[in-house]
Novice: 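Dropping the structure in here first, questions after.
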Amino acid sequence: MQEYKINETIIIGIDHGYGNIKTRHTVTRTDVKKQDGKPVFSKNYVEYNGAFYIVGEGHKSFIPDKQDDMDYYILTLAAIAKELRQRELTNARIFLAAGLPLKWVQSQRESFRDYLMRDRHIQFRFADVEYDVYIEGCEVFPQCYSAVAENLREYTGINLLVDVGNGTMNVLYLNNGKVAESRAWTEKFGVFQCAQRIRNKIMDKTGEMVPDDVIDDYLKTGATDIAEPYASLMKTAATEYVDEIFRRIRQYEFNDKMMKLYFMGGGAKIVRAVGTYDEDRTFFDHDICSTAKGYEYFCYMKLRHNNK
């Protein structure tokens with residue numbers, strides 16, 4: 001198992017997405033439901049401070065400040081437990097490596113770090129297993145850039161990175177692996193907006209609601225086995241959304257003759273499925289855990305440098 005450690009402290013990267021929360025090895029939907037008693041059916045629950053929280057049964061609504069409620073903290077506990085379970089550990093000292101959208105890092109970094117470190121010593125249960133965790137520290141990094149952190153030397157020439165998440169789209173230029181502060185943007189134009197377009201189009205044309213799971217599967221795979229006219233309507237709405245992505249990145253001076261284009265994040269699959277692009281100069285990273293892995297790498301390099 002690949003992992004980053006400083007002495008005996010395990011670095012755990014967590015990508016707090018709006019649709020899914022990702023670690024190096026796990027993906028969990030961001031829905032959190034609090035209840036007073038132990039769940040009857042679900043084993044995906046966190047028991048913390050006397051309350052029970054079922055996680056992963058749906059997607060959380062978009063909020064610009066993730067620390068506005070307890071949901072992302074509970075999801076963080078679940079993510080920590082899942083990573084420790086991969087290592088067959090229930091007791092550990094860890095260092096958290098997290099992130100925020102490119103243009104929100106500067107204004108929200110300190111408050112998000114404080115939010116994640118509200119308790120340094122945490123005792124909680126996940127899926128009926130008790131965990132005892134001490135958080136040594138936390139670093140918060142920019143999304144998108146972190147996803148390519150370990151491979152920056154490969155990005156020769158001018159490259160446009162487009163990270164299409166559930167809630168936001170991050171756009172970043174790399175020139176021979178280097179980023180300019182003035183050439184990075186965050187827009188509230190994630191895959192959630194594509195799902196909304198699909199729902200609205202099918203409702204407008206048929207008067208029926210398509211189940212969320214059907215839309216989620218389509219956005220994850222780019223394919224569906226539902227009948228007509230629903231399948232065609234889904235593709236039409238998704239194509240309109242992807243066309244809008246390309247229109248927006250052209251506003252940021254994208255030119256496919258002069259630069260290479262890289263799509264990543266949960267929306268990369270649907271862009272590849274229905275988009276119109278130069279296949280020789282457009283590339284896709286479908287590993288939605290790559291950002292969490294990048295956080296770990298950045299954190300390790302920073303801590304190693306500080307410990308010299």
Side-chain angles (χ1 to χ4, degrees), residues 1-18 20-28 30 64-68 71-84 86-87 89 92-122 131 133-152 161 163 165 167-168 170 172 174 177-179 181 184 186 264-265 287-308:
M1 174 183 291
Q2 183 178 356
E3 68 176 8
Y4 288 104
K5 296 176 71 174
I6 294 291
N7 299 322
E8 294 304 312
T9 299
I10 302 169
I11 298 173
I12 295 182
I14 303 177
D15 179 7
H16 295 81
Y18 291 102
N20 299 286
I21 186 165
K22 287 85 66 178
T23 64
R24 174 174 286 275
H25 301 102
T26 70
V27 179
T28 306
T30 53
D65 293 321
K66 296 176 180 176
Q67 56 270 33
D68 280 352
D71 287 359
Y72 276 103
Y73 187 75
I74 297 301
L75 289 164
T76 298
L77 298 184
I80 291 170
K82 286 187 171 187
E83 276 298 307
L84 292 181
Q86 293 282 326
R87 298 163 173 81
L89 295 173
R93 302 180 76 87
I94 69 170
F95 202 105
L96 288 178
L100 290 166
L102 285 171
K103 301 304 288 185
W104 300 352
V105 172
Q106 189 173 15
S107 62
Q108 296 184 18
R109 174 183 276 133
E110 294 303 321
S111 60
F112 194 48
R113 181 191 289 125
D114 291 343
Y115 173 80
L116 294 177
M117 293 187 64
R118 59 196 304 150
D119 293 320
R120 301 290 290 270
H121 183 203
I122 317 167
Y131 291 87
V133 176
Y134 186 81
I135 302 178
E136 295 275 7
C138 176
E139 292 288 344
V140 180
F141 301 99
Q143 290 176 4
C144 190
Y145 183 61
S146 297
V148 299
E150 294 183 85
N151 307 300
L152 287 174
L161 277 56
D163 183 359
T168 60
N170 290 290
L172 174 70
L174 283 181
K178 297 180 180 179
V179 61
E181 187 82 17
T186 296
M264 59 192 67
D287 179 7
I288 66 172
C289 296
S290 60
T291 296
K293 296 173 183 176
Y295 293 157
E296 291 184 356
Y297 171 77
F298 261 145
C299 187
Y300 172 76
M301 297 300 290
K302 184 172 183 177
L303 293 178
R304 191 176 72 168
H305 176 76
N306 291 344
N307 287 341
K308 285 184 179 179

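Residue numbers run from 1 in the order of the sequence given. Below, each value reflects all heavy atoms present in this structure, side chains not excepted, and no hydrogens, waters or symmetry copies.
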Novice: If I take atom CD1 from residue I122 and atom CE from residue M117, how far apart are they, to the nearest 0.5 angstrom?
Specialist: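 Interatomic distance, I122 CD1 to M117 CE, rounded to 0.5 Å: 9.0 Å.
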Novice: Can you list the steps and then say if Y131 with L84 is a side chain to side chain contact (heavy atoms under 4.5 Å, CB included)?
Specialist: CA-CA 9 Å; Y131 291 87; L84 292 181; 4.1 Å; yes
Novice: Could you tell me whether E110 and R113 make a salt bridge, using a distance below 4.0 angstrom between a side-chain N and a carboxylate O?
Specialist: yes
Novice: Donor-acceptor check, side chain of T30 to backbone of Y18, threshold 3.5 angstrom: yes or no?
Specialist: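 Yes; at least one donor-acceptor contact below 3.5 Å.
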Novice: To the nearest 0.5 Å, what is the distance between NZ (K66) and CG (D71)?
Specialist: 12.5 Å
Novice: With no hydrogens and no angle check, is any side-chain donor or acceptor of E296 less than 3.5 Å from a backbone partner on Y4?
Specialist: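 Flag not set: sc E296 to bb Y4 has no pair under 3.5 Å.
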Novice: So which atom in D15 and which in I288 form the shortest heavy-atom distance, rounded to 0.1 Å?
Specialist: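 Looks like OD2-O, 4.3 Å.
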Novice: So which atom in G294 and which in A149 form the shortest heavy-atom distance, rounded to 0.1 Å?
Specialist: O-CB, 4.4 Å
Novice: Which distance, rounded to the nearest 0.5 Å, do you find between the NZ of K293 and the NZ of K22?
Specialist: 12.5 Å
Novice: Find the distance between CG (L303) and CE (M301) and round it off to the nearest 0.5 Å.
Specialist: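 Rounded to the nearest 0.5 Å, the CG-CE separation comes to 11.0 Å.
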Novice: Under 3.5 Å, is there a donor-acceptor pair between the Q143 and N170 side chains?
Specialist: yes
Novice: Which class fits the ring pair Y73 and Y115: parallel under 30°, tilted 30 to 60°, perpendicular over 60°?
Specialist: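 Y73 vs Y115 ring planes: perpendicular.
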Novice: Atom CD1 in I14, atom OG1 in T291: separation rounded to 0.5 Å?
Specialist: 13.5 Å
Novice: Donor-acceptor pair, E83 side chain versus H25 backbone, under 3.5 Å?
Specialist: yes
Novice: Using modelled atom types and a 3.5 Å cut-off, is there a donor and acceptor pairing between side-chain atoms of T9 and backbone atoms of F95?
Specialist: no
Novice: If you apply the rule side chain to side chain contact (heavy atoms under 4.5 Å, CB included), what do you find for H16 with L116, and how did you get there?
Specialist: CA-CA 11 Å; H16 295 81; L116 294 177; 3.8 Å; yes
Novice: Where is the tightest heavy-atom contact between D163 and G265, given as atom of each residue plus distance?
Specialist: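 Taking every non-hydrogen atom into account, OD1-CA, 3.5 Å.
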Novice: Does any N or O in the side chain of R93 come within less than 3.5 Å of the main-chain N or O of Y134, such that one atom is a donor and the other an acceptor?
Specialist: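 No, the answer is negative, given that no donor and acceptor are paired below the 3.5 Å cut-off.
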Novice: If you take all heavy atoms of S146 and P142, which pair is closest and at what distance?
Specialist: OG-O, 2.6 Å
Novice: Relative to the ring of Y295, is the ring of F141 parallel (under 30°), tilted (30 to 60°) or perpendicular (over 60°)?
Specialist: parallel
Novice: For side chain to side chain contact (heavy atoms under 4.5 Å, CB included), just list the numbers for M264 and V148, CA-CA rounded to whole Å, side-chain angles, deciding distance to a tenth of an Å, and then say yes or no.
Specialist: CA-CA 10 Å; M264 59 192 67; V148 299; 3.9 Å; yes
Novice: Do the two ring centres, one from Y72 and one from F112, sit under 6.0 Å apart?
Specialist: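 Between F112 and Y72, which both carry aromatic rings, the centre distance is not below 6.0 Å.
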Novice: Tell me yes or no: between the side chains of T28 and K82, is some donor less than 3.5 Å from an acceptor?
Specialist: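 A donor-acceptor contact under 3.5 Å links the two side chains.
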Novice: Write down the atom of G99, the atom of V140, and the distance for their closest heavy-atom approach.
Specialist: CA-CG1, 3.9 Å
Novice: With rounding to the nearest 0.5 angstrom, report the CD to CG distance, Q106 to L100.
Specialist: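 The CG atom of L100 is 12.0 Å from CD of Q106, to the nearest 0.5 Å.
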